[in-house]
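In this text the structure is predicted, and so the values were computed from the model without any measurement. Letters A, B, ... mirror the listed sequences (proteins, then strands); counts begin at 1.
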Amino acid sequence: MAKYYITTPIYYVNDVPHIGHAYTTIAADVAARFKRLAGDDVLFLTGTDEHGINIARVAERHGVSPQAWTDRIAAEFQRLWKFLNISNDDFIRTTEGRHQRVAQAVFQRLYEQGDVYLGSYEGWYCPSCESFYPDSELGPGRTCPVHTGRTVEWTAEESYLFRLSKYQRWLLDHIETHPSSVAPEGPRNEVLALVRSGLRDIAVSRTTFSWGVPVPFDRRHVIYVWIDALTNYITAAGYLDDPEKFARYWPADVHLMGKEIVRFHAVIWPAILHAAGIAVPRQTFAHGWLTFGGQRFSKSLGIVIDPAGLSREIAAESGAEVAVAVDALRYFLLREIPFGSDGDFSKPALIQRFNADLANDYGNLLNRSLPLVERHFQGRIPAPGPEEGGDAALRETAASAAEGVAPLIDRLDFRGALEEVWRILNAGNKYFDAEAPWRAAQAGRMDRAGTVLYNTLEAARIATILLSPWLPTATARAWEQLGIAAPLGSQRLADARWGGLAAGTRVRPGRPIFPRIEARRPAAGGAATRTSDAGVSEAGGPGMNQITIDEFKKIDLRVAEVLEAKPVAGADKLLELRVRIGGETRTLVAGIAQQYAPAQLVGRKIIVVANLQPRRVRGVESQGMLLAASHDDRIALLGVDGDVPSGAPVS
RNA sequence: GGCGGCGUAGCUCAGUUGGUCAGAGCACGCGGUUCAUACCCGCGGAGUCGGGGGUUCGAAGCCCUCCGCCGCCA
């Protein structure tokens with residue numbers, strides 16, 4: 001039996017999960033489910049990355065211990081995965097003992113063989129943050145990205161370093177001789193360019209914070225993210241703990257992730273493994289970014305989609321059960337966007353797919369055929385007679401499509417795989433119409449009517465098996481309607497072979513699985529899709545300039561506290577403000593420099609539009625807008641009456 | 001600035017090595033049909049294949065150049 005080990009990244013628990021995390025995890029889940037369907041022995045891993053100074057800080061801000069904080073957020077991730085029907089076999093947390101032991105063992109081993117050595121890490125350091133920042137993150141004039149205006153200092157810190165440079169040659173050779181080791185092409189080229197440009201040794205320990213795994217032989221240090229986080233993949237595969245398991249599952253077949261972290265996985269990780277004498281993963285696959293109306297998702301910009309809320313909205317608008325709406329989201333993400341490319345997410349597009357693909361093509365095939373079985377064959381699937389008409393063509397389409405799916409999944413071409421399955425559904429609908437079993441029944445040709453119904457339902461059955469990785473709930477419902485005794489979960493790819501449907505099966509037609517979502521009004525983003533771009537209201541109209549309460553509610557107004565203010569270079573009317581909105585900090589650019597001096601503003605509570613589309617003004621990205629009254633050329637900032645914490649909503 | 005990815009019908013995208021390659025689905029229009037969640041089937045319009053040069057008997061695909069979007073690096 002072939003094995004298949006697939007991972008998502010372990011997600012950093014500095015914040016609650018969002019649709020970006022869900023996208024990666026859903027993709028991995030579909031691949032894992034498909035491989036199980038194909039009969040492989042699958043290990044599907046996800047988890048959370050829980051160490052580091054940022055976790056310590058966010059925990060402190062919330063007045064809880066780091067452990068309490070990570071417990072809470074890790075639970076949120078697990079809850080979401082359950083809601084999204086994710087079938088992970090394991091969920092690893094870097095704070096678990098099993099993982100700490102592996103991280104320490106790898107560190108120790110690399111140290112003992114000289115691949116990790118004591119040196120120093122140098123970089124731009126912000127004393128307020130107690131953190132180093134790369135050049136690229138520094139503000140203008142070498143200032144801290146968190147503490148605006150605070151200049152960073154070039155500082156050296158004692159640190160253990162990993163001899164990444166030593167493995168440059170080997171790594172380049174490895175990637176070049178293993179074309180699919182990094183995919184798709186864009187990320188692969190970037191990694192190659194990076195490796196060719198030369199690799200420097202990297203710091204793998206820190207002394208500036210303690211929330212981490214201690215370096216076993218030097219308690220002043222904790223193991224930094226490279227070795228701490230990446231080793232989770234071998235921990236969960238049983239490294240050290242369960243040699244038999246490790247031998248079975250390692251190396252990983254696919255490390256799936258967003259393209260922003262591919263370099264760590266494709267450069268540092270294989271080097272560490274190779275140095276430690278452990279086989280390297282077969283493939284690091286980077287998918288693209290999700291955008292909303294062309295904008296990158298970003299918590300700080302207020303462009304956030306909560307997958308659970310969205311699923312509930314779809315369920316409410318359609319009448320489908322929530323788990324089926326979850327299926328629709330799973331389907332949409334992998335059907336609409338070619339995996340590996342960036343793609344745009346929008347609720348109207350999701351509704352479009354829901355109606356056109358799931359309701360019309362898939363759901364309706366059952367809804368038009370099962371009642372005829374009920375009506376003319378006492379609810380029992382008739383036995384097929386001799387092939388005629390389009391029978392053979394349908395059978396062949398189903399067979400070739402069923403065979404075509406697996407190789408596409410191997411390439412993580414989910415979109416192509418779904419198109420294959422849709423060949424069956426389209427052929428089934430067309431066949432049903434052409435062969436018109438209701439007419440045959442009317443004419444008394446019951447054998448023919450029965451044959452057509454059998455063939456149609458057989459196509460539906462095969463499609464249902466093939467779709468089960470994407471639509472675990474909906475296909476289970478379809479399976480129930482088909483009345484097949486063996487549970488869907490017991491089915492294998494081999495069962496998706498023509499002729500597997502048993503005549504005499506008692507069908508159980510039910511309510512439509514995917515009730516169409518009728519476009520009463522253009523569906524604007526609801527609570528789950530907080531975005532600047534959701535508005536679809538028509539200009540004008542009978543209400544003139546009136547807006548509905550719902551339209552008003554789209555504007556996310558918040559109380560914000562001004563942390564810092566300074567003039568924008570080259571503009572005499574603009575000020576750049578750093579404001580705190582609840583737990584986050586943002587930059588705003590406001591045209592109030594002629595009315596307010598920077599010093600007047602610091603500490604004030606103002607009102608801001610928190611979900612406005614960000615915009616660059618004079619080279620500075622403004623992530624919102626403050627509210628002010630204006631009269632002639634006087635401008636007066638809006639504030640709050642009394643002491644209200646920043647982040648409080650305004651309505 | 002260097003490197004890389006992308007730019008094909010209103011939308012989402014296919015288009016191996018240049019020769020029915022100008023396509024699919026959705027959306028749209030027309031017609032038919034009616035088993036079904038007013039759905040299905042058929043037909044149809046539309047694109048100077050980002051612009052401009054070039055190579056070739058022939059280019060969406062190769063070369064040069066320019067434009068735009070994105071990413072990585074500096």
Donor-acceptor pairs under 3.5 Å, side chain of residues 442-452 of chain A to any protein atom, not counting sequence neighbours: which ones?
residue, atom, partner, partner atom, Å
A:R448, NH1, A:D391, OD1, 3.3
A:R448, NH1, A:D391, OD2, 2.7
A:R448, NH2, A:D391, OD1, 2.9
A:R448, NH2, A:E435, OE1, 2.9
A:T451, OG1, A:G385, N, 2.7
A:T451, OG1, A:D447, O, 2.9

Any side-chain donor-acceptor pair under 3.5 Å between [X] and [Y]?
X: A:W438; Y: A:H376; result: no
X: A:Y431; Y: A:N455; result: yes
X: A:R516; Y: A:N360; result: yes
X: A:W289; Y: A:E260; result: yes

Value in whole Å for how far the [atom2] atom of [N] lies from [atom1] of [X]:
X: A:M257; N: B:rG71; atom1: CE; atom2: P; answer: 19 Å
X: A:D357; N: B:rU12; atom1: CG; atom2: C1'; answer: 11 Å
X: A:R516; N: B:rA36; atom1: CZ; atom2: C1'; answer: 12 Å
X: A:N355; N: B:rA27; atom1: CG; atom2: P; answer: 9 Å
X: A:Y431; N: B:rC39; atom1: OH; atom2: C1'; answer: 19 Å
X: A:E185; N: B:rC3; atom1: CD; atom2: P; answer: 16 Å
X: A:L194; N: B:rC3; atom1: CG; atom2: C1'; answer: 12 Å
X: A:E374; N: B:rC35; atom1: CD; atom2: P; answer: 17 Å

Item to check | Ring centres under 6.0 angstrom apart (A:F162, A:W269) | outcome: no
Considering every strand and a 4.0 Å limit on heavy-atom distances, what is the contact class for [X]: base, sugar-phosphate, or nothing?
X: A:E190; value: base
X: A:A193; value: nothing
X: A:E419; value: nothing
X: A:N367; value: base

Using the [atom1] atom as the point on both nucleotides, what is the distance between [M] and [N], in whole Å?
N: B:rG71; M: B:rG31; atom1: P; result: 48 Å
N: B:rA38; M: B:rU20; atom1: C1'; result: 38 Å
N: B:rA46; M: B:rA24; atom1: P; result: 13 Å

Next on the checklist: Please determine whether a side-chain nitrogen of the Lys or Arg among A:R508 and A:E480 lies less than 4.0 Å from a carboxylate oxygen of the Asp or Glu.
Outcome noted: no
Checklist entry - Is it true that A:E317 and A:K347 have a side-chain N and a carboxylate O under 4.0 angstrom from each other? => result yes
Checklist outcome for this item: Residues of residues 318-341 of chain A with a heavy atom under 4.0 Å from any atom of RNA chain B, listed by number, are A:E336, A:P338
Next on the checklist: Below 4.0 angstrom, which residues in residues 434-453 of chain A have at least one non-hydrogen atom near RNA chain B?
Outcome noted: A:W438
Checklist outcome for this item: So the salt bridge (charged side-chain N to carboxylate O under 4.0 Å, His left out) pairs with at least one residue in residues 457-472 of chain A (sequence neighbours excluded) are A:E458-A:R461
Please tabulate, one pair per line, each protein N/O and nucleotide N/O from nucleotides 40-44 of chain B that are separated by under 3.5 Å, including the distance.
residue, atom, partner, partner atom, Å
B:rC40, O2', A:D433, OD1, 3.3
B:rC41, O4', A:D433, OD2, 3.2
B:rG42, OP1, A:K430, NZ, 2.7

Checklist entry - Quick one: side chain to side chain contact (heavy atoms under 4.5 Å, CB included) partners of A:S159, sequence neighbours excluded? => result A:Y121, A:L161, A:A203, A:S205
Checklist outcome for this item: With sequence neighbours left out, the residues meeting salt bridge (Lys or Arg N to Asp or Glu O under 4.0 Å) with A:E122 are none
Checklist entry - Can you list the residues that meet the salt bridge (Lys or Arg N to Asp or Glu O under 4.0 Å) rule with A:R411, with sequence neighbours excluded? => result none
Next on the checklist: For A:F34, give me all partners under ring-ring contact (aromatic ring centres under 6.0 Å, His included), at least two apart in sequence or on another chain.
Outcome noted: none
Next on the checklist: Please enumerate all residues that pass ring-ring contact (aromatic ring centres under 6.0 Å, His included) together with A:Y12, with sequence neighbours excluded.
Outcome noted: none
Checklist entry - Which nucleotide, B:rU37, B:rC13, B:rC35, lies nearest any side-chain atom of A:R375? => result B:rC35
Item to check | Nucleotide nearest A:Q352 when distance is taken to its side chain, options B:rC70, B:rU37, B:rA27 | outcome: B:rA27
Checklist entry - Pairs in or reaching into residues 173-196 of chain A: which pass ring pair (Phe, Tyr, Trp, His ring centres under 6.0 Å), with residues at least two apart or in two chains? => result A:W170-A:H174, A:H174-A:H178
Checklist entry - Dot-bracket for RNA chain B: what is it, with Watson-Crick or G-U pairs under 3.5 Å, [ ] where a pair crosses earlier ones, and | for a pair to another strand? => result (((((((..((((.....[...)))).(((((.......))))).....(((((..]....)))))))))))).
Item to check | A:P515 or A:R263, whichever maps to the more 5' nucleotide of RNA chain B | outcome: A:P515
Checklist entry - Considering heavy-atom distances to RNA chain B, does A:N189 or A:L358 have its closest nucleotide positioned more toward the 5' end? => result A:N189
